[in-house]
Engineer: 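I have a structure here, written as structure tokens, and I will follow up with some questions on it.
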Amino acid sequence: MSTKAKIATIGQYVDQEVLLEGWLWNKRSSGKIAFLNIRDGSGFIQGVVAKEDVPEELFALAKGLSQETSIRVTGKVRAEERSPIGYELTVTGIEVVSRTEDYPITPKEHGVDFLLDHRHLWIRSPRQRAILKIRAEVIKGMRDFFDKNGFTQVDPPILTPSSAEGTTNMFQTEYVNGENAYLSQSGQLYMEAAAMALGKVYSFGPTFRAEKSKTRKHMNEFWMIEPEMAYVEHAENMQIQEALVKHTIKHVLDNCPQELKAIQRDTAPLERVVNEKFPIITYAEAVKILQEKGHDFPYGEDFGAPHETELTNHFDLPVFVEKWPANIKAFYMQPDPEDNSVILGADLLAPEGYGEIVGGSQRIHDYELMKERYAEHGFDESYNWYLELRQYGSVPHSGFGIGLERTIAWICGIDHIRETIMIPRTLYRLYP
RNA sequence: UCCUCGAUAGCUCAGCUGGUAGAGCGCCCGACUGUUAAUCGGAUGGUCACAGGUUCGAAUCCUGUUCGAGGAGCCA
């Protein structure tokens with residue numbers, strides 16, 4: 001009986017006979033030799049079956065295997081220079097667990113529509129597997145940062161009453177008592193309550209937006225990490241964001257070399273992000289840069305995708321854009337004491353055309369000012385609890401939200417965020 | 001919601017000013033001892049998205065519909 005092994009750690013078993021449990025990803029054969037490309041979830045390895053070395057039935061079986069047939073393969077691990085992973089398996093036995101007929105996804109090219117319709121199978125492909133592995137490490141790296149820096153994870157509710165920021169873009173459902181309920185589009189307001197209880201907190205969970213957005217940067221269900229910190233003000237908020245991003249990227253560079261290679265990510269720009277200080281510019285300076293570069297961009301508007309790309313190309317690093325005009329940002333953002341018309345908040349724009357990945361700000365902590373904002377926006381009683389946070393021991397506090405999928409898309413260098421999650425939920429696509 | 005583009009074999013696509021359907025790949029059969037999107041030979045494979053219209057004749061032209069993709073707005 002052979003030892004069970006995993007491809008990821010196959011190097012431990014050189015010159016030993018092992019058992020691999022997996023699937024046939026691809027096959028090439030000639031009259032006297034067959035190459036089986038085997039995957040087991042942990043990686044890919046090539047198995048070799050030479051006609052003269054094995055019983056006739058085994059060679060015939062190997063030649064007849066179809067793509068994605070599940071197999072238990074025994075064989076001897078061999079160091080092999082020609083292999084991308086450095087090892088090959090000299091196959092001595094194959095047990096077919098379940099034969100596959102007519103697997104739809106071939107190693108050849110396919111269109112987006114076809115692949116998305118077969119997303120449940122597409123994730124078996126080397127590239128998709130690598131992206132999902134990197135996603136897991138991005139999450140791990142972020143949690144690691146928060147846990148090492150005194151944050152406590154808190155989980156805000158997903159079912160919420162009407163939103164303080166309006167409900168037009170929210171998924172509506174009926175609550176048990178017949179009231180309208182909405183799927184959360186941000187846990188931030190609740191996280192502010194948590195910060196007053198635990199100091200430094202972060203949430204990590206799915207968030208839902210019923211926006212009819214149809215771009216490579218949008219999904220209707222995505223994951224967000226939302227830290228909130230008591231006694232932290234604007235400048236420190238940005239420092240923490242920068243440290244988080246650097247730590248996360250370093251974690252991926254250290255832990256996913258194989259996966260980054262599999263998706264052919266050029267890691268030089270990422271190493272630069274780890275080693276260099278992120279520039280901070282004000283919104284006004286950003287507008288000036290755009291105008292100098294020939295954009296007809298008026299002060300007071302939000303940036304579009306080409307503007308964000310222009311700004312980050314200018315620095316070739318993630319860039320904080322701070323002190324935005326208050327009227328284009330959320331009601332809860334703290335005004336700059338030096339200029340009431342702008343707020344103490346910043347967006348972090350990722351380089352290489354990836355755009356906004358973080359939005360953060362210092363929050364209004366003054367009770368009277370928050371009451372004014374409530375009046376201006378006509379908020380109802382369902383968010384009185386949020387106002388109460390300013391009545392009972394209010395302190396300066398800040399927080400931010402980082403979009404998990406946008407961050408992963410950037411780190412992986414892929415052009416559409418739908419590949420960063422197992423089953424993407426985009427406009428017009430609720431299947432599979 | 002708006003703008004742009006698209007839908008032909010299992011997949012990726014070609015099909016000209018209208019004349020009755022093509023290639024490559026996959027599957028299947030055969031050849032080949034180092035392939036790695038293997039290669040070579042053969043065979044199979046179609047309600048040309050749907051519904052109307054124009055015409056002797058429509059994959060092709062016109063109208064509408066459905067579905068999808070890219071982008072705008074909004075955001076992470």
Side-chain angles (χ1 to χ4, degrees), chain A residues 25-38 44-54 59 63-64 66-68 78 80-85 88 90 100-118 121-122 125-127 165-166 168-170 185-188 205-226 241 301-308 328-330 347-350 354-360 400-410 415-418 420-421 426-429 431:
Chain A
W25 168 242
N26 197 8
K27 180 192 68 184
R28 289 167 294 279
S29 68
S30 68
K32 292 177 182 166
I33 191 164
F35 300 100
L36 307 178
N37 196 213
I38 301 156
F44 292 77
I45 192 170
Q46 179 161 277
V48 182
V49 191
K51 191 174 185 181
E52 63 178 22
D53 298 338
V54 300
F59 188 72
K63 277 202 84 164
S66 57
Q67 194 193 358
E68 280 305 307
R78 185 163 45 73
E80 171 58 65
E81 273 182 12
R82 288 170 286 191
S83 160
I85 63 164
E88 275 188 349
T90 304
T100 291
E101 302 290 350
D102 299 322
Y103 185 69
I105 299 180
T106 69
K108 295 281 180 175
E109 59 189 332
H110 295 287
V112 171
D113 190 30
F114 177 81
L115 288 171
L116 286 171
D117 280 345
H118 296 83
L121 303 175
W122 187 21
S125 307
R127 178 181 167 79
E165 294 185 71
T168 49
N169 289 331
M170 300 185 83
Q185 61 172 6
S186 166
Q188 184 206 309
T207 181
F208 307 90
R209 305 230 173 137
E211 294 161 356
K212 297 201 170 171
S213 301
K214 213 177 138 19
T215 81
R216 66 186 70 197
K217 289 178 183 171
H218 290 85
M219 289 192 294
N220 295 287
E221 178 181 313
F222 64 98
W223 288 62
M224 199 157 53
I225 298 90
E226 293 182 286
Q241 291 168 42
E301 278 187 23
D302 206 347
F303 302 126
H307 306 122
E308 291 180 349
I328 58 169
K329 285 290 179 183
D347 285 357
L348 180 63
L349 308 180
Y354 285 93
E356 184 182 352
I357 55 167
V358 182
F400 60 95
I402 179 164
L404 179 63
E405 286 80 10
R406 285 187 182 176
T407 304
I408 295 166
W410 166 44
D415 71 350
H416 203 301
I417 60 168
R418 64 187 161 212
T420 64
I421 189 165
T426 54
L427 190 61
Y428 307 135
R429 197 173 276 282
Y431 175 89

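Here is how names work: the chains are called A, B, and so on, in the same order as the sequence lines, proteins then strands, and each is numbered from 1.
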Engineer: Could you grab the distance from atom CZ of A:R418 to atom CZ of A:R216, nearest 0.5 Å is fine?
Structural biologist: 8.5 Å

Engineer: Does any nucleotide pair with B:C28 by Watson-Crick or G-U wobble geometry, both distances under 3.5 Å, and what is it?
Structural biologist: B:G42

Engineer: Looking at B:A69, B:U12, B:G34, which one has an atom nearest to any side-chain atom of A:F114?
Structural biologist: B:U12

Engineer: Could you check how far CZ of A:F44 sits from C1' of B:U35, rounded to whole Å?
Structural biologist: 17 Å

Engineer: How many whole angstroms separate atom CD1 of A:I328 from atom P of B:C75?
Structural biologist: 9 Å

Engineer: Between B:U63 and B:C5, how many Å separate the two P atoms, rounded to a whole number?
Structural biologist: 13 Å

Engineer: Identify, between A:N26 and A:Q67, the residue whose nearest nucleotide on RNA chain B lies closer to the 5' end.
Structural biologist: A:Q67

Engineer: Could you work out the separation of B:G10 and B:G46 based on their P atoms and round it to a whole Å?
Structural biologist: 7 Å

Engineer: Considering every strand shown, what is the Watson-Crick or G-U wobble mate of B:G6 when both distances are under 3.5 Å?
Structural biologist: B:C67

Engineer: On a whole-Å scale, what distance lies between the P atoms belonging to B:A38 and B:C27?
Structural biologist: 9 Å

Engineer: Counting only side-chain heavy atoms from C-beta out, which of B:G34, B:G68, B:A72 sits nearest to A:A305?
Structural biologist: B:A72

Engineer: What integer distance in Å separates A:N37:CG from B:G34:P?
Structural biologist: 18 Å

Engineer: Distance check, P atoms only: B:G18 and B:C11, in whole angstrom units.
Structural biologist: 29 Å

Engineer: Just one of A:T407, A:I421, A:T420 clears the side chain to side chain contact (heavy atoms under 4.5 Å, CB included) bar with A:W223, so which one?
Structural biologist: A:I421

Engineer: In terms of side-chain geometry, is the basic nitrogen of A:D117 or A:R429 positioned less than 4.0 Å from the acidic oxygen of its partner?
Structural biologist: yes

Engineer: Restricting to side chain to side chain donor-acceptor pair (under 3.5 Å), what partner residues turn up for A:H307, sequence neighbours left out?
Structural biologist: none

Engineer: Just checking, is any N or O donor in the side chain of A:Q67 or A:T106 under 3.5 Å from an acceptor N or O on the other one?
Structural biologist: no

Engineer: When you measure from the side chain of A:S125 to the backbone of A:R127, do you find a donor-acceptor pair of N or O atoms at a distance under 3.5 Å?
Structural biologist: no

Engineer: In terms of base orientation, is B:U47 syn or anti, with the syn window spanning 90° either side of 0?
Structural biologist: syn

Engineer: Is any side-chain nitrogen or oxygen of A:R429 closer than 4.0 Å to OP1 or OP2 of B:A69?
Structural biologist: yes

Engineer: Return whichever of A:Q46 or A:G31 has its heavy-atom-nearest nucleotide of RNA chain B closer to the 5' end.
Structural biologist: A:G31

Engineer: Take atom P in B:U55 and the same atom in B:C3, then report the distance between them in whole Å.
Structural biologist: 32 Å

Engineer: Any base atoms under 4.0 Å from A:E101, or only sugar-phosphate, or nothing? Heavy atoms, all strands.
Structural biologist: nothing

Engineer: Is the distance from OP1 or OP2 of B:G70 to the nearest side-chain N or O of A:H416 less than 4.0 Å?
Structural biologist: yes

Engineer: Among B:G34, B:G70, B:U36, which is the nearest nucleotide to the side chain of A:R28?
Structural biologist: B:U36

Engineer: Has the side chain of A:S66 got a donor or acceptor atom that lies under 3.5 Å from a matching backbone atom of A:T100?
Structural biologist: yes

Engineer: From C-beta outward on A:E109, which listed nucleotide comes closest to its side chain: B:C75, B:A37, B:A69?
Structural biologist: B:A37

Engineer: Regarding A:S29, tell me which of base, sugar-phosphate or nothing describes its non-hydrogen contacts under 4.0 Å with the strands shown.
Structural biologist: base

Engineer: Taking atom C1' in both B:G45 and B:A23, what distance in whole Å separates the two?
Structural biologist: 14 Å

Engineer: Between B:C11, B:G73, B:G34, spot the one nearest the side chain of A:T215, thanks.
Structural biologist: B:G73

Engineer: What integer distance in Å separates A:K217:NZ from B:C74:C1'?
Structural biologist: 13 Å

Engineer: Strictly by Watson-Crick or wobble contacts shorter than 3.5 Å, is anything paired with B:U55, and which nucleotide is it?
Structural biologist: none

Engineer: Phosphate oxygens OP1/OP2 of B:C25: is one of them under 4.0 Å from a side-chain N or O of A:K108?
Structural biologist: no

Engineer: Between B:U54 and B:U4, how many Å separate the two C1' atoms, rounded to a whole number?
Structural biologist: 28 Å

Engineer: Whole angstroms only, please: what is the CD1-C1' distance between A:I38 and B:U35?
Structural biologist: 14 Å

Engineer: When we call it a touch if two heavy atoms are under 4.0 Å apart, what does A:Y428 touch: a base, just sugar-phosphate, or nothing?
Structural biologist: sugar-phosphate

Engineer: May I ask which nucleotide in the shown strands pairs with B:G34, Watson-Crick or G-U wobble, both distances under 3.5 Å?
Structural biologist: none

Engineer: Kindly point out which of B:C75, B:G34, B:G73 is positioned nearest to the side chain of A:K212?
Structural biologist: B:G73

Engineer: Between C1' on B:U35 and NZ on A:K51, what's the gap in Å once rounded to a whole number?
Structural biologist: 17 Å

Engineer: Where the side chain of A:H218 is concerned, which of B:U35, B:G71, B:C74 is the nearest nucleotide?
Structural biologist: B:C74

Engineer: Would you measure the distance from the P atom in B:U36 across to the matching atom in B:A58 and give it in whole Å?
Structural biologist: 47 Å

Engineer: In the strands shown, is B:U1 matched to any nucleotide by a Watson-Crick or G-U wobble pair with both distances under 3.5 Å, and which?
Structural biologist: B:A72

Engineer: Name the closest nucleotide to the A:D102 side chain, picking from B:G68, B:C27, B:C75.
Structural biologist: B:C27

Engineer: Looking only at the side chain of A:S213 (C-beta and beyond, no hydrogens), which of the listed nucleotides B:U33, B:A37, B:C74 gets closest?
Structural biologist: B:C74

Engineer: Counting only side-chain heavy atoms from C-beta out, which of B:C75, B:A37, B:A69 sits nearest to A:R209?
Structural biologist: B:C75

Engineer: Would you be so kind as to tabulate the donor-acceptor pairs closer than 3.5 Å made by side chains of residues 46-54 of chain A, with sequence neighbours excluded?
Structural biologist:
residue: A:Q46; atom: OE1; partner: A:R28; partner atom: NH2; Å: 2.7
residue: A:Q46; atom: NE2; partner: A:E88; partner atom: OE2; Å: 3.1

